Amino acid sequence: MLGLGARRWEDDMTRLLGFLYHQEVLDEQFMQLQQLQDASSPNFVMEVISIYFRESEKLLKNLRALLADRECADYSKIGVHLNHLMGSSSSIGARRVRAVCAALRAASEHCNWAGCLRSLALLEHEYCYLKNKLHELFQVP
Amino acid sequence: MGNEAIEEEEDMDILSSMWPDDLMNAAEKQFNIESNTGRDMLEDVNIVEDPSVADFKRLVELTSYSEKGSSQLAYLVKSWEYKQANAARLLNEELSILSKQRQEAEIKKLEIIEAHRFEQEKYVGNKRPISILDEVYDIWGAAPKRKNEASYNNNITIDAEYDSINYWKQRAILLEKLLEESIQREQALLQKLQDNVNNLEKQSSPVDELSQILKRADNYLHFILQTAPVVMGHQDKELRYRFIYNHFPKLAEEDIIGKTDAEIFTGLGVKESQDLKREVLERGLPSKREITFETELFGKKTFLIYVEPVFSKAGETIGVNYMGMDVTDQVIKREKMAKLREEIAVQKAKETELNKSIHITEETMRAKQMLATMSHEIRSPLTGVVSMAEILGNTKLDAEQRQLLDVMISSGDLVLQLINDILDLSKVESGVMKLEAAKFRPREVVKHVLQTAAASLRKQLTLEGHVADDVPIEVIGDVLRIRQILTNLISNAVKFTHEGTVGVNLHLLSEQYTEGSKGYLEALAAENASSRLTIANSLRNQSYSDQEMLTCSEAKETIQNCDDPAELSSLSFEENEQPYEKIVLLHCDVYDTGIGIPEKALPSLFRKYMQASADHARKYGGTGLGLAICKQLVELMGGHLTVTSQVNRGSTFTFLLPCKVPPKQNSCGDSDGDALISDCEVPDDTSSDELSGSFIFKPHSLSSGFSLCGSVIHKSNLCSNGSLCTSIENSRITEGPRSYSYSPAEAVSSNFDTSQVSRDKNDDLNEVESFIRGADECHTNSGSNISQRLTDSICSSTEGNSCGSGECEVSCRELKQEKEQRAKFTSNGRPDSSETNLQPKILLVEDNKINIMVAQSMLKQFGYKAEVVNNGLEAIRAVQSSHYDLILMDVCMPVMDGLQATKHIRAYEENGCWDASVACLDPLKIPLDTEKCRKRTNIIAMTANALEESAAECLAHGMDSFVSKPVTFQKLKECLQQYLPC
């Protein structure tokens, strides 16, 4: 009974992961991350992901604040934040978040405030989606 | 006129009784209005009149001819006539009144005379005079009342006695007086009438009045036209000036009047204006035109000219009025405006052009980015699959599983190769492909390509190669691409040939000293910076297996071959510094005795995804990309690729390739870079001479079963290759087998040396293996590591040779396995102390927590530990306080970025002192062992931009290599293997 449950859980997890890969929410970098998890660090992925979420939430909040006022949006600062977010996202393999980051960065490089806002909204959406899915992934049992 | 009015008033006093009040007023009113409104009328005239009618001298003449003039005159005359008529009417009325009075006076006189007679008769006869008097009185009563009526009556009063003679006498005298007075008055009136008439005639002469009015108009017109830049004139039928008003008086009137334009002045525009006037004359319609004059008289001026015809009363044109206004300034302004507008338009066009090109550039950039991502996106999951399969291969598997896995891996490699092909092609097409310029030896390239083909040959085919003697020993070009072309063509030939030979013929077609193939050379020059570094990298990759092997005997001199990147880069730098001298056109045939190509298939042969026929595609497989890539590559290098073929007899692919020849070097051209390449090339027994250009690879039985990986075959291959790999070393090793040495490393190397000297392959193998075994048993973990590595590297070089293009990759994989094993050892609880001695010191410079975690974790998996700092400045501080074997440096960081930090570290390594901005604050921290510190530290950039530009930037800042983010096992492994010395 227990064995069966574990099996089912594994199946679910694999299915979900497969779905996420297929949707390009995650990419092979996430696999790499999973490979890094071994007996010496059993919760490695969880740790990384939670740090990622903590950091990203801060960054997103900052981005939102920086873009609050059209007149005094500091695009260079936005770029710095974005680089950070992109770096972490690509490290955990959050592909779609990274792609939206790239779009946002392109908009900020052109000082396109409206474009920035649009991309930011999309970014927040993608981020939430990723967060939910990953939570689901780790909460599956 | 005022005088007249006053006079009349005087008259009125006298004649008041004779002027009916109402009539008088009405007349006077009319008259006064006329006189008062004289000024208004003038202005009326001014408005109605055409401005061109300002010719006073010839006005009469004109007005009598022209319709307009006459109508104007008629108007003036009419108004004058009206006034005259008025005056005449008044006078007539006065006259008629006067004459009436005279008649009455005469009747009265007659009556008086009659009465007198009647009196006398009555006097005689009997008559009643009173009734007459009464009657007289009645008459007077009927006459209009007069103010001085009383005086008349008074005059009649007589003091005499009525009806006396005296009375009648007195009365007669009185009446006579009265009559006389009346006559006098009549005469005075007549006189006055005469005066009035005279006066009237004198005062209202039409010409005078008219000329007065006209004079005033003239004054006004002059006043208005005084400063206006206009010319007005009237010309007759023959276009001779009859009048001119000229604001620009350069000519006296006499010079103009009676002459035509052409007679007055000459130059540009005169004829045009003449023509215009003539046209107007002929057509009878006014016209306007702008004419630019360029005459001696008044220089360059533009006039807006209006010409209107003048008609006679009969309706014929008798001349033209013309008016010109100087619009030179306006025209200049207008032209300036036009010019400005034009400039703006041009600017706008430029702007759009620029925008377009910006757009295109952006598109190109995007395409480039896309390509870079594509290459990454497609390749990385595939490498993931393949490498995971390989990891799987390391686990315990039974024979069948292993075979399946091998198939899996080889197909994975195939797909990878295919993707590489497609990417190559798209790279070439999108212009991203960059050519490298490095020295290489064509003979060895040919030889190696043939060897590779021979190694994987599964048919009974003879592979032969011939390189003519005139082909230079070394040429400069992109050796990898040339090999790719050759390999492609040869494997193609092998694929379609079932028996016979496949061969390569290389000879020199021509030589020239000018820059014949400029495009290629330019490309070479342009790629200098990046290619230099890429060469270094690729050389390192190629020489990897050697390196690994040679590190066993690190104490010896072998390290010089390739280890020092600084030396390498400086070498390649020198190469590029050398002036271009000589260009040779190499002619290369790849022929076979295969199935041939039907003539109709030839045109589409080099097209993408095209094979000679669908049947072939099914039978022989392949994507049809190979030839397309070859052709594109050859063309990119400035050459061209052609084919001739006969069905069932074979085909020959020929390509011409311009290559630069490096100038002769005194060290007989054996530079390190080439040595490295030739290290990988496997000199066969058949060829040992550098200049020998012929190679033949006969079919042999061993190769047929290669894919089965039989241990015997494997080993025999291993041995031959092992010896070949280090054949360079042969020259150095002249002594016999060494005695056992003290350090394990020494022992390994010496033993290895021995193996190379010996010709008996099987013995070699045994010896090596036994030694390894011995080392494993006898020595410490380091020894086992070395032996492990030795085995691996030998294996890798074997496989490298057998797999051709994938040699580096395979060797890397092998090494990875080794590393993993090592990691396992580490985790198996080996004493840490011994481990740390061997542990290379790694510094991880990264600001992103996630990246730190991932990188650290990965390093841990490889059995390494890294110190972590968060920015460039901290990295410098860390380097200041201790030495690191390897620094993994993020590029994009706060405070100080990776590029800056690297620059500082490199500057320190060169000069021995830190830049003032980052100099160590705490003198105690300065390490004592400066010698050690000044050894070059390997710095590897971790960059988020996979594009070549940023790679070049990293390398330009003194970094040794770069890993693109996100960091993967594979990339990190390759990097660590390459740069960690142990």
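Quantities reported herein were computed from a predicted structural model and do not represent experimental measurements. Each chain gets a letter, A, B and so on, in the order its sequence line appears, and its residues count up from 1.
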Is a side-chain donor-acceptor pair under 3.5 Å present for B:Glu974 with B:Gln970? yes
Of the backbone (N, CA, C, O) and the side chain (C-beta and beyond), which part of [X] lies under 4.5 Å from a heavy atom of chain B, both, or neither?
{"X": "A:Leu33", "result": "side chain"}
{"X": "A:Val48", "result": "both"}
{"X": "A:Gln29", "result": "side chain"}

Which residue, A:Ser91, A:Ser88, A:Ser89, forms the side chain to side chain donor-acceptor pair (under 3.5 Å) with A:Tyr52?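 So, applying the side chain to side chain donor-acceptor pair (under 3.5 Å) to A:Tyr52 and each of A:Ser91, A:Ser88, A:Ser89, only A:Ser89 qualifies.
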Under 4.5 Å, counting heavy-atom pairs only, tell me which of A:Met86, A:Glu55, A:Gln35 racks up the most with chain B.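 The residue among A:Met86, A:Glu55, A:Gln35 with the greatest pair count is A:Gln35.
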Electrostatic pair A:Glu136-A:Lys133, nearest N-O below 4.0 angstrom: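 Answer for the salt bridge query: yes.
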Atom NZ of B:Lys903 with >12 non-hydrogen neighbours under 6.0 angstrom: no
If we only count heavy atoms from C-beta on, is the B:Met858 to A:Gln32 side-chain gap below 4.5 Å?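 Yes; the side chains approach each other to less than 4.5 Å.
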B:Glu362 portion near chain A, given a 4.5 angstrom heavy-atom threshold: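 For B:Glu362, the contact with chain A is made by the side chain alone.
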